[in-house]
Each structure stands twice: as structure tokens, then as C-alpha cells.
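This report concerns only the one structure given below.
Worth saying up front: this structure is predicted, and the values here are computed from it rather than measured. Below, chain A is the first sequence line, B the second, and so on; all start at residue 1.
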Protein chains: 2
Amino acid sequence: MTDPKPTDRADAAKPVRTITDLARIAGVSAGTVSRALSGNSLVNTKTREKIEAIAREHGFRPNQMASRLRRQKTGVIGVAIPLGHDVQQQISDTFFMTLLGFLADELTAKGYDLMLRRVVPSNDEDWLDRFIGSGMIDGVVVIGQSDQFERIEEVADGYLPMVVWGNHQEGQRHCVVGTDNRLGGKLAAERLIAAGATSLAFLGDTDPIEFAARFGGAKEVADKRNVPIRALPTHLSPGQVSSEIAAHLEVIQHEADGVFAATDTIAATCLQEMRTKGIVVPNHVKLVGFDDLPIASQTMPPLTTIKQDIAAGAKGLVDLLLRRMAGEDTESLVLPPHLVARQTA
Amino acid sequence: MTDPKPTDRADAAKPVRTITDLARIAGVSAGTVSRALSGNSLVNTKTREKIEAIAREHGFRPNQMASRLRRQKTGVIGVAIPLGHDVQQQISDTFFMTLLGFLADELTAKGYDLMLRRVVPSNDEDWLDRFIGSGMIDGVVVIGQSDQFERIEEVADGYLPMVVWGNHQEGQRHCVVGTDNRLGGKLAAERLIAAGATSLAFLGDTDPIEFAARFGGAKEVADKRNVPIRALPTHLSPGQVSSEIAAHLEVIQHEADGVFAATDTIAATCLQEMRTKGIVVPNHVKLVGFDDLPIASQTMPPLTTIKQDIAAGAKGLVDLLLRRMAGEDTESLVLPPHLVARQTA
DNA sequence: CTGAAAGCGCTAACAA
DNA sequence: TTGTTAGCGCTTTCAG
């Protein structure tokens with residue numbers, strides 16, 4: 001059998017695809033190669049070096065798929081982003097992306113890979129079971145409960161290594177890490193009222209439970225202070241938001257002098273729309289956002305907002321997940337939000 | 001054999017973990033179950049329905065690890081983000097995150113999963129070979145060449161299914177999709193000069209080749225017009241940038257009336273710093289950014305910038321990658337940048 | 001249309 | 001210290 005193609009590239013002709021090929025070349029058994037390459041077990045130093053040399057020379061890497069199948073663990077963490085209440089919302093949403101970034105940093109530091117899956121639950125009943133049951137991941141973090149609270153609860157009953165970013169409800173069964181949204185809402189309303197607002201509006205969708213809690217908190221203090229408050233719905237996708245806000249501006253102008261935006265993104269857009277309408281912030285209307293994304297400090301005037309500590313959140317998610325993967329049934333982690341006072345309220 | 005633990009949960013006691021378990025219950029062979037579940041082959045409708053029913057009842061999912069090992073394809077695309085020139089830069093960089101978001105949308109639409117890996121090449125010589133050789137992915141997209149141009153070239157010689165987001169060099173061997181950075185730089189400089197600038201500064205690191213090309217383009221038109229231009233280095237990590245820019249402001253104030261920021265993020269920060277120093281944009285200094293991130297339209301005044309079409313880029317990456325996975329040796333794709341004229345120049 | 005059997009590439013006892 | 005063996009859970013010929 002002649003090899004008809006000349007080795008026109010330095011590293012062509014590499015028939016070393018498996019541990020067995022390598023074993024043959026090295027004159028040892030596959031088992032020995034496996035041990036040598038995994039560094040673990042007792043292998044004669046000379047043998048190991050020889051094997052490593054050959055591996056390097058041929059650019060050989062053990063097939064992870066096979067290894068992981070055999071060892072029944074994958075070394076990858078699934079990250080699911082359910083896009084439930086607003087299919088238009090892209091995964092590119094800034095808040096989620098930032099959290100994802102920190103998550104990737106954190107997971108990488110712990111030696112795990114990250115498998116990202118964007119899901120649209122309305123098209124796909126059992127997205128979560130599918131992900132978990134795929135055998136591709138050792139654990140899962142769900143970013144955002146969206147409108148899938150119930151489904152997540154169900155799954156949590158039978159699957160330990162799952163942690164969810166989102167809102168904490170009294171008595172819920174799944175492990176969540178997230179900001180105390182209700183408290184955040186309170187802080188926002190208090191700030192608005194302290195700044196002189198006498199009638200409030202909440203700008204954003206109140207369906208997602210995180211947002212509902214923010215509104216709920218704000219409403220609680222508004223009610224207590226006898227300040228009226230109303231919810232003005234918007235979507236999350238950048239396209240629609242501008243015009244929706246513009247449509248709300250009329251009522252804001254006449255009936256509200258304090259606006260609590262569900263997110264900084266909404267707040268920033270709102271600020272823009274107000275400027276085009278000649279509404280002066282904070283003189284005519286006070287405004288507070290939520291998240292403290294980078295943009296909050298770069299609007300003009302800079303946005304007063306409720307800060308979520310995203311880095312701490314990511315760290316918490318990973319920490320709890322690893323403990324759950326080790327069998328511990330961890331409690332949820334609720335992080336305190338903080339008022340960041342800038343110039344819009 | 002009695003089952004000692006009462007089924008206190010609806011879905012407890014599920015010993016159906018493998019296709020073989022299921023086969024036993026259904027009274028057929030493993031092969032048949034496999035065929036039934038994959039939907040592909042010819043299976044008696046009744047048999048299939050029975051198998052599907054049992055699978056549903058027990059919440060059974062075929063193990064993807066095993067399936068993929070056997071079929072020698074994984075259905076996952078690796079996405080590597082090399083953090084070379086600036087280790088401090090987090091994966092959370094807005095531009096990359098946005099691109100990643102679109103990529104996830106695009107890949108999901110084509111039925112692929114996405115495995116994200118953040119790499120620090122300086123700690124890890126052969127990050128790319130490791131990723132590719134892992135057997136975990138069918139193809140790879142590298143987001144950003146960072147300072148790894150040569151390494152990517154080497155790998156490209158022996159591995160077809162790879163596409164890179166970045167800058168295109170004459171005669172390069174790896175398939176890249178990206179914006180024509182040089183042209184973008186030209187557009188920026190032309191705009192600045194047309195707006196009346198007589199001395200230019202480029203604000204940003206010129207090491208990464210994308211940025212070098214932006215600077216190169218700007219320099220080309222500046223030289224042609226006899227306008228001086230200088231590079232003022234900054235890093236990319238949010239922490240450092242503010243103070244670095246502040247430090248540069250002195251020279252900008254005295255020696256430049258047109259600044260071309262390497263990215264919108266830098267431009268936005270610059271805008272802020274200038275305001276604190278009382279420098280009025282665009283009256284005292286003209287400013288143009290690069291990327292057209294959402295923030296560009298939300299600064300005050302809104303940023304004139306060079307737009308990269310990120311969505312088209314993501315689509316291009318996926319399209320080319322899939323063709324390469326099918327064996328085609330595709331050309332690179334260079335997208336045209338566009339000037340978005342707002343109010344800073 | 002279905003069963004039997006042979007692996008995908010690797011790891012982990014168990015012997016030697 | 002190393003080789004041998006038996007699979008991980010699934011897919012896919014090849015017979016029947």
C-alpha cells in the first residue's frame with residue numbers, strides 16, 4: 001500500500017487519531033497511553049516522556065467525547081437563556097450578555113466549558129428537560145425565569161445541579177440567585193418621592209416576574225405614601241421600545257412627574273425621547289433606572305439607578321452550582337440592590 | 001422485589017436511563033428504539049408510537065454524548081474568544097458580546113449548539129489546537145484575532161472548518177469575516193477633516209491588527225491631506241480607560257481638534273472626560289467613534305461613528321462556517337463600513 | 001420491518 | 001509499572 005499523495009505540508013499525513021494509534025507507535029498498550037496522557041496514574045517516567053513526545057509530534061489530543069462518555073461527566077455547564085415573554089428579545093440583551101460574560105469568566109476559571117443555548121419556550125415545551133437530558137452537560141444555569149417559573153419548579157424537583165438567575169419567591173423550590181427586586185423597587189420609589197415626585201409611573205413590562213417584583217416594591221411604598229403609581233407597558237426589543245415610550249410620554253407629561261424604568265436600557269431610551277419632546281430631566285420629570293449598566297453613567301444627565309451587582313451574581317451562580325453538582329442542596333442567594341444616585345432623580 | 005420507597009413525587013422511580021432499558025420495557029431491541037426515536041428509518045407506526053409513549057412517560061432522552069461519539073459529529077460549534085493583547089479585557093466587552101448574541105441566534109436557527117471558550121493565549125500556547133482537537137466541536141469560530149494572527153494562520157493550514165472574525169490581510173490563509181477596517185479609518189478621517197479638523201489623534205491601542213488597520217486608513221488620508229495625526233494609546237478594560245484618556249486630554253486640547261476613537265466605548269468615555277474638562281464637542285474638538293453600538297445614539301451629543309454591521313457579520317460567519325464544514329474552501333468576506341453622521345463631527 | 005452484533009475512542013478495574 | 005478486558009450508550013450495517 002503506497003501513499004499516493006506527497007506530504008506537501010509539514011504536518012500532513014497524521015494517521016494518529018486515536019490513543020490506540022499512538023500506543024502502536026510507542027510500542028505500548030492503549031491503557032498506558034491513557035494513563036500517561038491523563039497525568040494521573042503511575043507510569044514510568046521514561047514511558048510517559050516518550051508517549052508525550054509522540055503525542056506532541058503528531059498533534060494528538062484524546063477525544064473528549066469518548067473520554068466523557070466513558071467517565072460519565074462532561075466538564076461542561078449548560079447555560080440556557082429562555083426568551084419567553086418577548087420572543088423578539090434577542091440574546092443580545094445587554095444585561096444578560098454582561099452576566100453571561102462574567103459567568104464565562106467564572107466558569108473558565110473553574111475549568112468548565114460553557115454550552116450556550118438560546119431557547120424559545122413557546123416553540124418548545126420541554127426545552128429544559130431536553131437540555132438536561134441531553135447528556136451533554138453536568139449542570140445548568142438558567143438565565144432569567146422569563147415566564148417559565150412553573151416549568152423550572154417542576155424540573156427542580158428531580159434535578160439537583162441547576163441554578164437560576166432570577167427573582168426569589170417565598171417557598172419556591174428551585175435555587176435562585178438574583179437581586180432583591182422588590183427591595184430595588186422600593187428604593188427607586190423612595191428616591192423618586194424624596195426627589196419631589198408626586199405621581200409615579202413604572203415603565204416596562206410587568207409580566208416577567210423580576211419586573212413584577214420591581215413594580216410591586218415601588219407600589220408598596222407609593223401606596224404607603226399615598227402617591228399614585230401606574231404601570232406603562234413596553235417590550236424589551238430595542239426596535240419597539242422607542243415608539244412605545246414616545247406613545248407613553250403624553251400621559252407621563254400630564255400625569256406623572258416620577259418615572260421608574262424597569263431597566264437602564266429603557267431609561268436611556270426614555271431620556272432620549274424626553275429630550276426630543278423638550279421634557280427636562282430631572283426638573284420636569286424625575287427618572288430612575290435599574291441595573292447600573294455602563295450606559296447609566298454615560299447618559300446625559302447621568303442616570304440615577306438601582307445597581308445589581310452582576311459580578312457577584314455570576315460568582316454566586318457558579319459557586320452554588322458547583323456545590324449542587326457535589327450533591328449539596330443549597331439555599332437561594334438574594335443579593336441586595338443599591339441606589340446609585342446620579343443626576344436624574 | 002418490592003419497591004420500599006413510596007413514589008412521593010409524580011416522576012420519581014425512573015430507571016429508564018438508556019435506550020436498552022426502554023427497549024426491554026417495550027419488548028423490542030435497542031436498535032429499533034434508536035430508529036424509532038431518531039425518526040429516520042422505517043419503523044412500524046405502531047411500534048414507534050408505543051416507543052414514543054414509553055419514552056415520554058419516563059422522560060427519556062437519548063444520551064447525546066454517546067450518540068455523537070458514535071456518529072462522529074457533535075452538533076456543536078466552538079466559539080473561542082482570545083484575550084491576547086489585553087488580558088484585563090473581559091469577555092464582557094460589549095462589541096464581542098453583541099456579536100456573540102447574534103451568533104447564538106444564527107447558530108441556534110441552524111440547529112447547532114454553541115460552546116463558548118474564553119482563552120488567554122499568553123497562558124496557553126496551543127489554545128486553538130486544544131479546542132479543535134478536543135473532539136467536542138464540529139467547527140470553530142474565533143472572535144477577534146487579538147495578537148494571535150500567526151497561530152491562527154498555522155492552524156488554518158490543516159483545519160478547514162474554522163472562520164475568524166477580524167481583519168483581512170492581503171494573502172492571508174485563514175478565512176475571515178469582518179469589516180474593512182482600513183476603509184473605516186479613512187471614512188473617519190475624511191469626516192473629521194470635512195468637519196474642519198486640522199490635526200488628528202487616534203485614541204486606542206494600535207497593537208491589535210483591527211485597530212492598526214483603522215489607524216492606518218486614517219493616517220493614509222491624513223497624510224494625503226497634509227493633516228498631522230498621532231496615536232494615543234489606551235487599553236480596553238473599562239477601569240483603565242477613563243484615566244488614560246484623561247491623561248491624553250492635555251495633548252488633545254493643545255495639539256488636536258479631531259479625534260478618532262478606536263471604538264464607541266472609548267469614544268463615549270472620551271466624551272464624558274471632555275465634558276468634565278469643559279471641552280465642547282464638536283465645537284472645540286470633533287469626535288468620531290467606531291462600531292455603532294447602541295450607546296452611540298445615546299450619548300450626548302449623539303456620536304458620529306463608523307458602523308459595523310454586526311448582524312450581517314454573524315450571518316456571514318455562520319454561513320461560511322457551514323460551507324467549510326461541508327468541505328468547501330471558502331473565500332473571506334469583507335463587509336463595508338458606513339459612516340453614521342450624528343452630532344460629534 | 002426488526003434483531004443481532006460490531007464498534008465510535010477512551011478509561012478503569014483486575015491481573016500479571 | 002503495564003497489558004488485558006470490559007464496557008460508557010448509542011447507531012448502523014447485515015441478516016432475517
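As judged by a 4.0 angstrom heavy-atom cut-off over every strand, Val33(A) is placed among residues making no nucleic acid contact.
With values rounded to the nearest 0.5 angstrom, His168(A) atom NE2 is found 10.0 Å from Ile209(A) atom CD1.
Taking 4.0 Å as the cut-off between side-chain N and carboxylate O, Arg17(A) and Asp21(A) do not count as a salt-bridged pair.
Atom CG of Leu37(A) and atom P of dG9(C) are 16 Å apart (whole Å). Distance CE (Met136(A)) to C1' (dC8(D)): 15 Å, rounded to an integer number of Å. In this structure, Arg24(A) atom CZ and dG9(C) atom P are separated by 12 Å, rounded to whole Å. Atoms CG (Leu69(A)) and P (dG7(C)) sit 17 Å apart, rounded to a whole Å. A straight line from NZ of Lys46(B) to C1' of dT2(C) spans 17 Å, rounded to a whole angstrom. The CG atom of Asn44(B) sits 22 Å away from the P atom of dG16(D) (whole-angstrom rounding). Note: CG (Leu22(B)) to P (dT11(D)) measures 12 Å, nearest angstrom.
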Pick out the pairs of N or O atoms, protein on one side and nucleotides 10-12 of chain C on the other, that lie under 3.5 Å.
from	atom 1	to	atom 2	distance (Å)
dC10(C)	OP1	Asn63(A)	N	2.8
dC10(C)	OP2	Ile19(A)	N	2.4
dT11(C)	OP1	Ser67(A)	OG	3.2
dT11(C)	OP2	Ser34(A)	OG	2.7
dT11(C)	O2	Arg70(A)	NH1	2.2
dA12(C)	O4'	Arg70(A)	NH2	3.4

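Here the shortest heavy-atom pairing between Val79(A) and Leu100(A) reads CG1-CD1, 4.1 Å.
Inspection of the Thr330(B) and Arg324(B) side chains reveals an N or O donor paired with an N or O acceptor under 3.5 Å.
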(request) Start with the C-alpha gap between Gln145(A) and Ile152(A), add the side-chain angles, then the distance that decides, and say whether side-chain contact (heavy atoms from CB on, under 4.5 Å) holds. (result) CA-CA 8 Å; Gln145(A) 289 145 322; Ile152(A) 296 172; 4.3 Å; yes

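A close approach under 4.0 Å does not occur between any side-chain nitrogen or oxygen of Gln72(B) and OP1 or OP2 of dT11(D). Residue Thr47(A) places at least one side-chain N or O under 4.0 Å from the OP1 or OP2 atom of dT2(D).
Between Arg61(B) and Asp126(A) the shortest side-chain heavy-atom distance falls below 4.5 Å.
Listed nucleotides: dG3(D), dT2(C), dT2(D). Nearest to the side chain of Val43(A): dT2(D).
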